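This structure is a prediction, so every number in the text was calculated from the model and none was measured.
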Amino acid sequence: MMKKTSILLISLLSVFTARAGNGDEHLNVSTGFLFPSTLVANVGFEHEYNYGNALEIYAELGNHWQSDPVDGKVYKDTFWKGYYWDGGALYKKSLRRYRNSILRARAGVQAGAYHHDFFMGAELGFEYNYVFQSGLVFSVIQKNQVNFFHGDTFRNGLLIGLKIPF
C-alpha cells in the first residue's frame, strides 16, 4: 500500500511541476540574406506557450543594395543606400516536436520604413530550433515577406540565429 501511494504521489508531483517549455522566454538574435540582394539583422523577444507554440515581437534592420545602373557593379558609396527598418509580431505554431528540437510555422504582420516611405506587410515562413543542454537555442529561419506601399515588395530567404534564455 505504501509503495502504491508513493508512486502515485511522485507521478502527481511530476505532472504538476513539468512544463516542457511552457512560459520560457528568449532573446532572439539572427542575421541572414533575403532575396533579392538584402542583408538583414533581427532582434526579438519570444514567449512560449503550451504545446510549443510561441509569440515573438521583433525589430529588424536591413539593407537592400542596388547595383550601379551604368556598369552593373556594386560600389561602397551606393551599397548602403537601400536601408530599411521594421518591427512586428509573429505567432509561431508548432508543427512537429522532436527530442531536442521543434519545427514551427511563422505568421505575422510588420510595419516600418524604407528610406522615408512607410510600409506595412505580412510575413510567413518556417523556423527550426535546436535546444542545447544549457538552454541556448540555435535557430534556422526561412521567411517570406510581402510589403505594401513601396518598391521593395517581396523578400524571402534564410536567417541563422541564437535564442538566449532569460
Side-chain angles (χ1 to χ4, degrees), residues 21 24-49 52-98 100-132 134-166:
D24 286 353
E25 294 179 338
H26 296 95
L27 173 68
N28 301 344
V29 179
S30 58
T31 186
F33 177 78
L34 301 177
F35 180 82
S37 306
T38 305
L39 292 175
V40 65
N42 196 335
V43 175
F45 171 76
E46 178 181 278
H47 179 79
E48 289 190 11
Y49 294 103
N53 300 326
L55 181 67
E56 179 181 353
I57 297 171
Y58 70 92
E60 184 175 77
L61 180 63
N63 181 42
H64 178 81
W65 71 84
Q66 307 288 326
S67 58
D68 190 347
V70 176
D71 61 4
K73 294 182 180 178
V74 178
Y75 296 104
K76 64 181 173 180
D77 61 334
T78 60
F79 184 81
W80 294 107
K81 297 211 181 230
Y83 66 91
Y84 70 92
W85 59 266
D86 64 27
L90 292 166
Y91 180 73
K92 301 176 181 183
K93 172 74 175 138
S94 173
L95 298 177
R96 180 90 168 119
R97 289 185 66 93
Y98 302 97
N100 293 328
S101 59
I102 187 167
L103 177 66
R104 292 182 177 143
R106 303 162 40 103
V109 296
Q110 64 185 13
Y114 180 73
H115 290 275
H116 300 290
D117 298 330
F118 289 99
F119 66 88
M120 294 178 60
E123 180 177 327
L124 295 171
F126 296 97
E127 176 179 289
Y128 177 77
N129 296 316
Y130 182 83
V131 182
F132 294 105
S134 65
L136 194 66
V137 180
F138 173 76
S139 64
V140 177
I141 301 166
Q142 189 280 326
K143 59 184 350 186
N144 304 301
Q145 295 176 334
V146 179
N147 300 313
F148 306 102
F149 311 128
H150 72 89
D152 194 15
T153 306
F154 297 105
R155 294 190 291 249
N156 58 1
L158 286 175
L159 281 76
I160 296 174
L162 289 175
K163 296 181 180 184
I164 304 160
F166 283 124

Problem set entry | Aromatic Y58 / basic K143 pairing, under 6.0 angstrom, 45° off normal | yes
Problem set entry | Pair F45 and H47, ring centroids less than 6.0 Å apart | no
For this session: Evaluate the ring planes of Y84 and F119, with Trp represented by its six-membered ring, and classify them as parallel (under 30°), tilted (30 to 60°) or perpendicular (over 60°).
Result: perpendicular
For this session: Evaluate the criterion side chain to side chain contact (heavy atoms under 4.5 Å, CB included) for residue pair F138 and I160; output intermediate values, then yes/no.
Result: CA-CA 8 Å; F138 173 76; I160 296 174; 3.4 Å; yes
For this session: Please tell me if the side chains of W65 and L39 come closer than 4.5 Å, counting only heavy atoms from C-beta onward.
Result: yes
For this session: Can you see which heavy atom on S94 is nearest to which on R104, and at what distance?
Result: CA-CG, 4.1 Å
Problem set entry | Heavy-atom side-chain proximity of S139 to N28 below 4.5 angstrom | no
Problem set entry | From NE2 (H26) to CG (N129), nearest 0.5 Å | 8.0 Å
For this session: Flag the pair Y128 / Y130 as yes when their ring centroid distance falls below 6.0 Å, and as no otherwise.
Result: no
Problem set entry | Contact check, side chains of E46 and K92, non-hydrogen atoms, under 4.5 Å | yes
For this session: Check whether any side-chain heavy atom of L162 lies under 4.5 Å from a side-chain heavy atom of V137, and answer yes or no.
Result: no
For this session: Report yes if some heavy atom in the side chain of Q110 is under 4.5 Å from a heavy atom in the side chain of N147; otherwise report no.
Result: yes
Problem set entry | K163 with E56: basic N within carboxylate O range, under 4.0 Å | no
For this session: Quick one: do N156 and L34 satisfy side chain to side chain contact (heavy atoms under 4.5 Å, CB included)? Show the steps, please.
Result: CA-CA 5 Å; N156 58 1; L34 301 177; 5.8 Å; no
For this session: For G82 and N63, work out which heavy atoms get closest and say how close.
Result: C-OD1, 3.4 Å
Problem set entry | For I141 against S30, the heavy-atom pair lying closest together | CD1-OG, 4.2 Å
For this session: Determine whether F126 and L95 make a side-chain contact, defined as any pair of heavy atoms from C-beta on separated by less than 4.5 Å.
Result: yes
For this session: Please work out which of the three classes, parallel, tilted or perpendicular, describes the rings of F118 and W85, given edges at 30° and 60°.
Result: perpendicular
For this session: Count the heavy atoms belonging to other residues, nucleotides or ligands that lie under 6.0 Å from CZ of F132, then report whether that count exceeds 12.
Result: yes
